[in-house]
Amino acid sequence: PMARYEYMRLPIRILPREIVEQYQLLPLVHDGWVYVEIRKGMYGLPQAGIIANQRLEKHLAKYGYNPTYLTPGLWRHESRPITFSLAVDDFGVKYVGDQHARLLIKALEDLYTVSSDWTGSLYCCLTLDWDYTNRTVDLSMPNYVAMALHKFQHPPPSCRQHSPHQWTRPVYGARVQYAPEPDDKALLPAADIKHVQQVAGTPLYYARAVDSTMLVALNAISASQSKATENTAAAIVHLLDYAATHPDAILRYQRSGMVLHIHSDASYLSAPEARSRAGGHHFHSSCPADPTKAPSQQPTNNGSIHAECSVLRNVMASAAEAEIGALYINSQTAEVFRTTLIEMGHPQPPTPIQTDNSTAYGIVNLSIRQRRSRAMDMRFYWVRDRVRQNHFLVYWKPGCENLGDYFTKHHPPAHHQTMRSTYLQVAQAAIHSHTHIPCSMRGCVDSSLPHTTQAHNPAHNPMRILSRLTHLLKHSLSSLT
């Protein structure tokens, strides 16, 4: 019931005749309007959600359940080992002991009609497959891609597509790497633009919740969907071909110490209009042996709880400024995760944040001073303050070990095939260690996976290779004689 009644009027002309006759509304019509007094929450009422939430909060408080102070939708009991999250009318419950879960169900049944699933196999449209023996849980959305492809009548691709977006091979050895030409194609008709927006929005939840490999492509499409051209439509087809090739992705979480770890990265001038991209891989792993020092070994990778993929709003003046912008974005997001983890009962040491830019690392840790723009000044002071407050521990590792790099640029298909098993559970996949990926994948140019520039990689110099082969041939001939 509402503390204060609301009132609404409806023109009688918009109501179907069957409704008017069934509810006998004609005697209630005044000057062509029907006046309604609203005493309880109802669908379509803007404040219906807050009314239902206040009622639930008041009811559960009698049983000792209260929402946490800073995390919306997270509830805890005053003394019992039970925590649950609430999304609309779905409860995801973590408990120790069946009796505590049954008490929560009984409290809810006093006010609502409740159905329960003790397997915990479905929550917010996500299918959860729990393996208590191996201490893992797999997240998936079975048939979501198939239904989306059927909805948009997208035919199966003629050949398998392993990249979610198009890729332009860079010109190796060139003194200047030119930016892509602006999209000067004619705009699509309004109906086609709306179709592009519908297709781009459909896989967004799926990409955020399960298959993060789609995020870079969706990010690029979303940036141009309001002024979609033939190139945008081609990007949509490319993404749907990728989804058809790799449907039903599975995201696996393993048992961990519930300590937040972050890999932060940026690509300089890799987005249209001289913008830069920020990427990040947020995951749970074990607590470092010494929380005050950088991890001596890479923490065990885990399923991503958040994949940062965004375009920095301002034009960055240098690669270091772009890296600091990425640190700023990832740190702001991490503050929310840290708060939630603490309120769930998982204390957090300073969150380790890995970066592959030594300048950004030096600025944040007070080992480098540099002239900077006002925007850069605000960003690195914010991150620096959080480092001083022991919220974060920023450390440097080579770019080939940074898992945030994947979300910063358009990679070639071979790189996507190699990295897919790093972020998702791939059946019968040849697992490739990320540390063996060549350092050519670093930086701001969309480089090809198996090759680096000859001028920068002496091992790939043809004259040096020929000389080495000649030497080996002479050695073999001398051994025969």
Side-chain angles (χ1 to χ4, degrees), residues 124-127 138-152 154-157 159-168 195-225 228 231-253 263 265 267 270-272 277-283 303-311 333 403-427 429 441 446 449:
C124 292
C125 299
L126 296 173
T127 298
D138 291 346
L139 270 66
S140 61
M141 297 179 68
N143 298 321
Y144 184 87
V145 170
M147 290 188 293
L149 295 174
H150 176 74
K151 174 182 177 181
F152 298 112
H154 184 76
C159 60
R160 294 177 63 81
Q161 182 57 260
H162 297 294
S163 172
H165 43 64
Q166 295 179 347
W167 172 70
T168 302
H195 175 73
V196 167
Q197 293 172 339
Q198 290 175 341
V199 176
T202 297
L204 188 57
Y205 178 68
Y206 174 74
R208 285 289 184 189
V210 182
D211 192 353
S212 58
T213 63
M214 295 183 176
L215 288 177
V216 176
L218 286 170
N219 180 266
I221 294 171
S222 300
S224 61
Q225 64 179 353
N231 291 336
T232 311
I236 287 288
V237 173
H238 198 109
L239 176 62
L240 293 179
D241 285 348
Y242 174 78
T245 304
H246 299 282
D248 299 334
I250 298 176
L251 178 64
R252 172 165 292 183
Y253 293 107
H263 288 193
D265 196 23
S267 60
S270 60
R277 280 195 175 91
H281 176 56
H282 299 228
F283 62 100
S304 173
I305 65 168
H306 173 69
E308 181 62 46
C309 179
S310 57
V311 175
T333 303
L403 297 181
D405 172 80
Y406 184 87
F407 306 103
T408 62
K409 58 180 76 71
H410 290 179
H411 294 288
H415 187 63
H416 287 286
Q417 288 182 276
T418 301
M419 296 303 299
R420 185 172 177 85
S421 59
T422 300
Y423 301 96
L424 298 171
Q425 183 67 16
V426 180
M441 299 311 301
D446 292 349
L449 175 66

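On a predicted model such as this, the values are computed, not experimentally measured, just so you know.
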CG on N219 to CD on E308, rounded to 0.5 Å: 9.5 Å
Nearest heavy-atom neighbours spanning P203 and L218: CG-CD2, 3.8 Å
Any side-chain heavy-atom pair of R420 and D211 under 4.5 Å: yes
Close side-chain approach of F152 and T202, heavy atoms under 4.5 Å: yes
Nearest-0.5 Å distance that lies between atom CG in L424 and atom OG in S304: 9.5 Å
Main-chain N/O of H411 paired with H416 side-chain donor or acceptor, under 3.5 Å: yes
T408 side chain reached by S270 side chain, heavy atoms, under 4.5 Å: no
Validation row: S163, H415 side chains within 4.5 angstrom (heavy atoms): no
M141 vs L126 side-chain heavy atoms within contact, under 4.5 Å: yes
Taking every non-hydrogen atom, the tightest pair across Y205 and C125: CE2-CB, 4.5 Å
Residue pair H263 / L403: nearest heavy atoms and the distance that separates them: ND1-N, 3.0 Å
Member of P157, P156, P155 meeting the side-chain contact (heavy atoms from CB on, under 4.5 Å) criterion with D241: P157
Ring centers of H165, Y242 separated by less than 6.0 Å: no
Aromatic plane relationship, Y423 with Y406 - under 30° parallel, 30 to 60° tilted, over 60° perpendicular: tilted
Non-hydrogen atoms of R277 and V311 that approach each other most closely: CG-CG2, 4.1 Å
Rounded distance [0.5 Å steps], OG1 in T245 versus NE2 in H162: 6.5 Å
Aromatic ring pairing F407/H281, orientation class (parallel under 30°, perpendicular over 60°, tilted between): parallel
Minimum side-chain heavy-atom gap M214-Y206 below 4.5 Å: yes
H154 side chain near V199 side chain, heavy-atom distance below 4.5 Å: no
Parallel, tilted or perpendicular: rings of H306 and H282 (30°, 60°): perpendicular
Closest approach of R208 to C309 (non-hydrogen atoms, all atoms of both residues): NH2-O, 4.4 Å
Heavy-atom closest pair, residues N143 and D248: N-OD1, 3.0 Å
Full working for side chain to side chain contact (heavy atoms under 4.5 Å, CB included) between H246 and Q161: CA-CA 8 Å; H246 299 282; Q161 182 57 260; over 6 Å; no
